[in-house]
Amino acid sequence: MKTQFTALKKTIGLLLLAVMLCLSACGAPADQVEDSAPPEQTKDDTPPSSEPAAAGAEDTPSKVTHSTQGITFEVSEDWLQAEGMDMFYTDKNEVYGLNGVSPLGSYEPQALYEELSAYYSGQFDTFSASEELTAWQSSDGVDCLTADITGVYESVLYCTKVIIAPQKNLVLTFDAQAYKDRQEVTVVRLVLNQLCESLTFEIGTKDEITGNTFLCGDGSQLCLQDGGDFRWYQSAEDHEHQYYEGVYEVYRGQEAMDQVASMTEYGLTMEELKQVLAANMNGYIPGGSKPSDFLYATGELEDDRERYQVCLDTFYAVILHNQRLVSSPEEVREGGNSTLYIGFYLPELGMADLTNCNAGSNTQWTFQEKTA
């Protein structure tokens, strides 16, 4: 998910930017009425039922999967998506969906939630919110933290579910809006919770390195076999002369952090790795980290460079165990050293941006193809 990051202190603003928009923009589908007010009832109109549909009812609409901004969730197939938004109209003049997405960055989840809740509290006529985040898991098993916020503004009910996924570097606000005189809080909250229970993540869900061939920044080519063997050719055009071969290991996410911290010869502690990860989650610039990058990311220095979203699950450690140098079919030298590479894979660029921990230099591996 490529993002142009602004100052970290604007993170909460990104989440709140749309909070009041759906009242005016999504009060009713634009092709049905011209304004956002609910249609007037006649004496023959039947008010929408506030009772949830019975499980397994024959007329219960099928679900469809909506994919956006690195996540997916399910909505009823008869809901109508609001133009340009991840919010959906129901046939009861209600709106449900994803209303805000932001990186967590170097924020502590509880601290961010408290600021978010404090801001929300001043936006409504009546307001209530959970005091603390609680543990929660998405449907694909990602550990998250969540809290509920409820408010009423000018007779419109807002139910918000804040979901923070630290390992994905995401803060999500799912929102439901309904006219207070037509719907009960418990019913609106029930539908919103059902929507959130279908949440899955598309960020950092698979190994992007194992078994693939990459073109390296110096013109060399790295071919990683599925079985754990590799060949590193000095030139992508010449596979006959001067190449290394051996075996490799790939670690991803927390497993990568644990592996690197265990390799004490490199002097990288878990605390240092966590600090590096937190700083890079504010907005990552490929090409090697510099001390000034943190100041750019937090908005203390002006910056218009493209930044990318990274997280724990896109962090990699790759170890190449060189076993032999092949200069020609007749000249093979046995033995070699092992090299540790750590860094992030950026799917938007199809590239692993890595640090060679032996040499202290930056390298970029650009995906070419699946290794034959």
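Everything quoted here is computed from the prediction, not taken from an experiment. Positions are given from 1, in the same order as the sequence printed here.
E184 and T186 share no donor-acceptor pair across their side chains, judged by distance under 3.5 Å alone. Under the 3.5 Å distance criterion, with hydrogens and angles disregarded, a donor-acceptor pair is assigned to the side chains of Y96 and E94. Judged by distance alone, the side chains of Q110 and E114 do bring a donor and an acceptor atom under 3.5 Å apart.
Outside the 6.0 Å centre-distance limit, the rings of W79 and Y89 are not counted as a close aromatic pair. The ring of F73 has its center closer than 6.0 angstrom to the ring center of F174. Aromatic rings from Y284 and Y308 are positioned such that their centres are separated by 6.0 Å or more. In this structure, Y158 has its ring center at least 6.0 angstrom away from the ring center of Y153.
Just one of V101, V142, L172 meets the side-chain contact (heavy atoms from CB on, under 4.5 Å) condition when paired with I71; it is L172.
The minimum heavy-atom distance linking A261 with T269 is given by the pair CB-C, 4.5 Å. Scanning both residues, F315 and A256, for their nearest heavy atoms gives CD2-CB, 3.7 Å.
Ionic pairing of K370 and D226 is present here: one or more N-O contacts between side-chain nitrogen and carboxylate oxygen are shorter than 4.0 angstrom. Salt bridge annotation for D313-K168: present, with a cationic side-chain nitrogen under 4.0 angstrom from a carboxylate oxygen.
F367 belongs to a hydrophobic cluster with I209, F214, L222, L224, F230, W232, Y244, Y248, V250, Y316, V318, L320, L325, Y341, Y345, L354, W365, counting contacts under 4.5 Å between side-chain heavy atoms of Ile, Leu, Val, Met, Phe, Trp and Tyr, direct or through other members.
The CG atom of L215 sits 7.0 Å away from the CD atom of Q221 when rounded to the nearest 0.5 Å.
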Start with the C-alpha distance between N358 and Y266, add both sets of side-chain angles, then the distance that settles side chain to side chain donor-acceptor pair (under 3.5 Å), and finish with yes or no.
CA-CA 8 Å; N358 293 51; Y266 290 98; 3.0 Å; yes
Intermediate values then yes/no, side chain to side chain donor-acceptor pair (under 3.5 Å), Q167 and D143
CA-CA 8 Å; Q167 74 186 71; D143 290 329; over 6 Å; no
Would T68 and D86 count as a side chain to side chain donor-acceptor pair (under 3.5 Å) if you check the C-alpha gap in whole Å, the side-chain angles of each, and the deciding distance to 0.1 Å?
CA-CA 8 Å; T68 180; D86 296 308; 3.0 Å; yes
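Partners of R189 according to the salt bridge (Lys or Arg N to Asp or Glu O under 4.0 Å) rule, which considers only residues two or more places apart in sequence or in another chain, are D148. In terms of the salt bridge (Lys or Arg N to Asp or Glu O under 4.0 Å) criterion, E131 has no residue partners (sequence neighbours excluded).
Side-chain contact between T65 and V75 is absent, with no heavy-atom pair separated by less than 4.5 Å.
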